[in-house]
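Both ligands and their constituent atoms are indexed starting at 1 by order of listing.
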Amino acid sequence: MAGSWFETVAEAERRARRRLPRSVYGALVAGSEKGLTMADNLVAFGELGLAPHVAGQAEKRDQATTVMGQPVSLPVLLSPTGVQAVHPEAEVAVARAAAARGTAVGLSSFASKPIEEVVAANPKTFFQVYWSGTRERIAARLERARRAGAVGLIATLDWSFSNGRDWGSPRIPERLDLRTMLRFAPEVARRPRWLAAYLRTRSLPTLTVPNMAAPGEPAPTFFGAYGEWMQTPPPSWDDVAWLAEQWGGPFMVKGVMRLDDARRAADAGASAISVSNHGGNNLDGTPATIRALPAVAEAVGDRVEVLLDGGVRRGSDVVKALALGAKAVMIGRAYLWGLAANGQAGVENVLDLLRGGIDSALLGLGRASVNELTSGDVVVSEGFGRVLGRPGEPAP
Ligand SMILES: Cc1cc2nc3c(=O)[nH]c(=O)nc-3n(C[C@H](O)[C@H](O)[C@H](O)COP(=O)(O)O)c2cc1C
């Protein structure tokens with residue numbers, strides 16, 4: 001659509017805010033409690049400087065790399081997000097956008113679209129699981145994902161069910177029946193473009209999570225699935241090793257912040273980790289991921305692929321993360337804002353902005369490839385880093 005291009009992720013967010021009903025926008029903001037971690041994810045990138053050259057730079061710059069065995073055309077993947085009601089095409093639009101731009105996508109267990117449709121849109125799909133339900137039920141989900149053609153598994157292990165947000169949690173209904181629709185009518189009426197997009201597809205958000213259904217069962221509601229997860233005892237490292245073995249292919253542990261956990265994830269069979277604090281939606285007070293990255297990468301970088309997610313909003317953020325030890329990054333809110341602003345084209349727009357930003361940072365830094373970045377390319381002030389999990393600290 002003409003005029004729908006945006007020049008920064010910040011502008012995409014402004015448009016998303018104008019377009020989405022208040023509750024849906026709030027569910028994307030999502031940061032827990034006081035929002036300290038969510039804010040630090042952003043602030044910390046701003047504290048890092050870049051060290052540009054003025055002559056002798058490379059004429060052409062290369063961004064291609066591989067993650068969990070998948071070649072990607074830029075070091076940016078789309079992180080799994082279990083978000084409902086942003087756009088009628090939801091995760092399928094996100095997967096198509098990623099495919100169009102040559103990168104991979106993580107599909108949340110709490111997504112609104114079935115894995116089969118998402119893999120059809122992008123064969124480079126990693127399925128994401130939480131430790132929820134019995135081993136038998138988890139194994140059935142993995143089997144379905146495998147049969148659908150998912151090429152990797154992401155186990156997100158950092159959720160601690162924190163609740164309460166100082167800024168006020170959005171209202172999320174269990175399902176959209178007539179009563180709920182009437183209750184939400186005032187905020188939806190103020191967002192006619194969002195409603196029109198759904199009406200054009202003759203559907204309304206179902207608020208169900210089809211990938212959590214047991215074989216032969218209907219898709220549970222988000223809250224139904226969340227309840228099962230809350231009642232499941234947290235996984236042990238043996239459970240993590242069991243997951244890796246059950247999957248038997250590329251396996252990422254997402255949510256690692258401590259170097260002792262990073263080592264345990266590698267011991268348990270992870271082929272990749274993502275240094276992540278769930279975008280600040282989880283245990284508030286956890287430091288920014290970019291502060292924790294260098295120590296984690298140093299501890300395990302030769303054993304597993306190290307990714308980072310949290311706070312990436314521009315190409316130079318990606319370059320900073322790569323310079324400090326990440327092989328690639330994953331983005332969450334950045335593409336959700338793009339999706340809300342302009343559907344699939346909006347997600348492509350975000351990926352194009354990041355690609356352009358990475359390219360100009362590489363040019364400035366005199367690097368011909370993302371693989372050449374080193375810590376000397378960034379200016380890190382004293383006290384910036386955080387080392388979580390020093391040797392000798394007792395394991396839980
Ligand atoms: C609204 C929302 C929903 C999310 N849902 C999931 C999820 O279902 N599974 C998961 O592994 N991570 C989930 N995440 C975390 C993202 O995968 C990622 O770690 C985070 O968004 C990165 O931070 P950023 O948003 O600053 O890029 C979610 C994040 C947001 C903002």
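Salt bridge status for Glu393 with Arg258: present, with a side-chain N to carboxylate O gap under 4.0 Å. Residues Glu116 and Arg147 are not paired through a salt bridge, judged by the lack of any N-O separation under 4.0 Å between the basic side chain and the carboxylate. Salt-bridge formation is not detected for the pair Glu89/Lys113: no Lys NZ or Arg NE/NH1/NH2 atom is positioned less than 4.0 Å from an Asp or Glu carboxylate oxygen. A salt bridge between Arg264 and Asp260 is present, with a side-chain N of the basic residue lying under 4.0 Å from a carboxylate O of the acidic one. With salt bridges taken as basic N to acidic carboxylate O contacts below 4.0 Å, one links Arg15 and Glu11.
Not one N or O of Asn41 is nearer than 3.5 Å to an N or O of ligand 1, by distance alone. Remark: ligand 1 and Gly311 share an N or O pair separated by less than 3.5 Å (distance only, no angle test). On a distance-only criterion, Met330 and ligand 1 share no N/O pair closer than 3.5 Å. Considering backbone and side-chain atoms alike, Leu336 places every N or O at 3.5 Å or more from each N or O of ligand 1. Checked by distance only, ligand 1 and Thr81 stay at 3.5 Å or farther apart across all their nitrogen or oxygen atoms.
Taking a cut-off of under 4.0 Å to the non-hydrogen atoms of Val83, the atoms of ligand 1 that pass are 1 (C), 2 (C), 3 (C). The atoms of ligand 1 that sit less than 4.0 Å from any heavy atom of Arg313 are 24 (P), 26 (O), 27 (O). Every atom of ligand 1 with a heavy atom of Thr156 under 4.0 Å away is listed here by number and element: 10 (C), 11 (O). Taking every heavy atom of Ser79 and a limit of under 4.0 angstrom, the matching atoms of ligand 1 come to 16 (C), 17 (O), 18 (C), 19 (O). Distances below 4.0 Å separate heavy atoms of Gly310 from the following atoms of ligand 1: 22 (C), 23 (O), 26 (O). Atoms of ligand 1 lying under 4.0 Å from any heavy atom of Ser276, numbered from 1 in the order shown and given with element: 19 (O). Against a heavy-atom cut-off of under 4.0 Å, Gly82 is close to the following atoms of ligand 1: 3 (C), 4 (C), 5 (N), 6 (C), 7 (C), 8 (O).
Among Ala288, Gly332, Ala27, Pro80, the residue whose heavy atom lies closest to atom 17 (O) of ligand 1 is Pro80. Of the candidates Val329, Val312, Asp309, it is Asp309 that places a heavy atom closest to atom 18 (C) of ligand 1. Scanning Trp337, Phe110, Tyr130 for the heavy atom closest to atom 7 (C) of ligand 1 points to Tyr130.
Atom 8 (O) of ligand 1 has its closest protein heavy atom at Ser108 OG, 2.7 Å.
With a 4.0 Å heavy-atom cut-off, ligand 1 is reached by the side chain of Lys254 but not by its N, CA, C or O. Contact annotation for Asn281 and ligand 1: only side-chain heavy atoms (C-beta onward) come within less than 4.0 Å of the ligand. With a heavy-atom cut-off of 4.0 Å, Gln128 touches ligand 1 through its side chain alone.
Taking the ring centroids of Trp337 and Phe6, they lie at or beyond the 6.0 Å cut-off. In this structure, the ring of Tyr25 has its center no less than 6.0 angstrom from the ring center of Trp194.
Each of Arg333, Lys254, His278 was compared with Ser79 under the side-chain contact (heavy atoms from CB on, under 4.5 Å) criterion, and only Lys254 meets it.
Residues that satisfy the salt bridge (Lys or Arg N to Asp or Glu O under 4.0 Å) test with Asp62, not counting sequence neighbours, are absent from this structure.
When hydrophobic residues (I, L, V, M, F, W, Y) are linked wherever their side-chain heavy atoms come within less than 4.5 Å, the members clustered with Met330 are Val67, Met68, Val72, Leu77, Phe126, Val151, Ile154, Met252, Leu307.
When atom types are taken as modelled, the side chain of Arg165 and the backbone of Lys34 share no donor-acceptor pair closer than 3.5 angstrom.
Classification of the Tyr226-Trp159 ring pair by plane angle, with boundaries at 30° and 60°, yields perpendicular.
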